[in-house]
Amino acid sequence: MSSATTRRTLLAGIPHLIAFAPAIVVLATADGLPDPIASHFDLSGSADRYAGRATVLAVTVALAVGLALLFGLCARQSGAGSPPGTRWDNGRVLVAASWATAGLLGAILVGSVAANLGLTDPAAAVLPWWTFPAGLATGAVAGVVAWLVTPSIPANGEEPEAVPAVPLGPAEQFSWSRTVGSPWIPAVGAVMAIIGCALGVTVHPAAGIITGVAGVAVVLNSQAWVTVDRRGLTITLGLLGWPRLHVPADDVASVTVADISPTGFGGWGYRIVPGGRGIILRAGPALVVTRRSGQQLTVTVDDPRTAAGVLAGVASSGGRSC
Amino acid sequence: MLIRVDPTRATPLADQIAACVRRGIADGSVRGGERLPGARDLAASLQVSIHTVLAGYQSLRDEGLIELRRGRGAIVRDGVPAGRAAVVELARDLVRAARRFDLDDEEVVALVRAAARTS
């Protein structure tokens, strides 16, 4: 583990211990707390659930340690720097999200415990209306501060690999194409569509329709057809042939091959990330095309070396011949 | 799979398309069950007529390498050994070489029979 990753692991984990500390200290040491204390409040701020002081203390400590471990481990897993094809720096986003969560939860917890202070009857506890907005504000400030203090790390060792251009005759026409898909994405979509039907019947027709349509969209976009020819790179998603992405040959600045992980793009499917777009249907080899504008288009596809070589050949020969 | 055609070569474009698919099957880059690009898409991509692509696909079907089904497109036959595509490609090379030396097709067939008897 590099020192940058260690630093980020600590940066993501420790804030939870700090943010929960005031509530833990008050719960453990304060004199003026009822037992049981009010542990949950309704929307108007009146107490509606109660728990023993020791239980609340134990749960709070467990929550602090659990969140610290969870965010720390996630930060460690996501590594340092942005993966190929995106400027999305997962580790940095994660640290910011961690601090924001810690700020929000820490502020609300302190507020809830403080509402019990000086009372003998926990039913009299009232949570001031501004506790939640104050928590949100604390979280937002913490998130922004975390983003600013986390050093940005340039892309790590896995530099995308440049591919030599395939020499192409001036009159030659060619077409490289391949389908890429994932067997389980349509399954997820089908399950969503089925859940949609169930929701439509049991909960509300609107919920059913939204889930069902999302499920059908997932099924339709679970496959992509990637073509490289004189016209450039064309990616057609799904069974309907829409959406369709096209990079004209004369807009190609460079072509590389990289090993992609969906976590770098925040998931599977058609991803729009800082620095570019991605059609990410699986982990593994991918074609990464940089446009003249600097924006990148990444598509996971088998045998990307051939595609990259041909596309580099087209780009260097100036594209369309006839 | 990469399909390359050169209109300036003497070989008909349909044969060039078929040869690319055969080589793909022979070198293992195209496997059984794989779908070839749709004729219309491939024609647009190569900037050739759709009839040229269909003619290439039909000769592949006649050689037993692919199946053509209406509405399902061209699919490489399951269980087609890569070697078969390689042999078909060699046979084509043999015919081309023979024609270059003015051997007619009957003579080529006779040569192949003779080779089969003696080896």
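Throughout, protein chains are lettered first and strands after them, A, B, ... in sequence-line order, and every chain is numbered starting at 1.
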If you take all heavy atoms of [X] and [Y], which pair is closest and at what distance?
X      : Y      : result
A/Q173 : B/L46  : CG-O, 3.2 Å
B/M1   : A/R178 : N-NH1, 4.2 Å
A/A171 : B/P7   : O-CD, 3.1 Å

Are more than 12 heavy atoms, taken from residues, nucleotides or ligands other than [X], located less than 6.0 Å from that residue's [atom1] atom?
X      : atom1 : value
A/R292 : CZ    : yes
A/R244 : CZ    : no
B/H51  : NE2   : no

**Prompt:** Just wondering, do B/V5 and A/F174 contact through their side chains at under 4.5 Å, heavy atoms?
**Reply:**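 A side-chain contact under 4.5 Å is absent here.
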**Request:** Go through the atoms of B/R35 and report whether side chain, backbone, both or neither lie under 4.5 Å from a heavy atom of chain A.
**Result:**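 For B/R35, backbone heavy atoms alone lie under 4.5 Å from chain A.
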If I take atom [atom1] from residue [X] and atom [atom2] from residue [Y], how far apart are they, to the nearest 0.5 angstrom?
X      : Y      : atom1 : atom2 : value
B/I3   : A/S177 : CD1   : OG    : 6.0 Å
B/S29  : A/W176 : OG    : CH2   : 10.5 Å
A/T227 : B/L42  : OG1   : CG    : 9.0 Å

**Prompt:** Given a strict heavy-atom distance threshold of 4.5 Å, which part of A/T306 is in contact with chain B: side chain, backbone, both, or neither?
**Reply:**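 Only the side chain of A/T306 comes within 4.5 Å of chain B.
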**Request:** Using the side chain to side chain contact (heavy atoms under 4.5 Å, CB included) rule, take A/V166 and B/R4 through it: C-alpha gap first, then chi angles, then the decisive distance, then the call.
**Result:** CA-CA 12 Å; A/V166 170; B/R4 304 172 73 153; 3.7 Å; yes
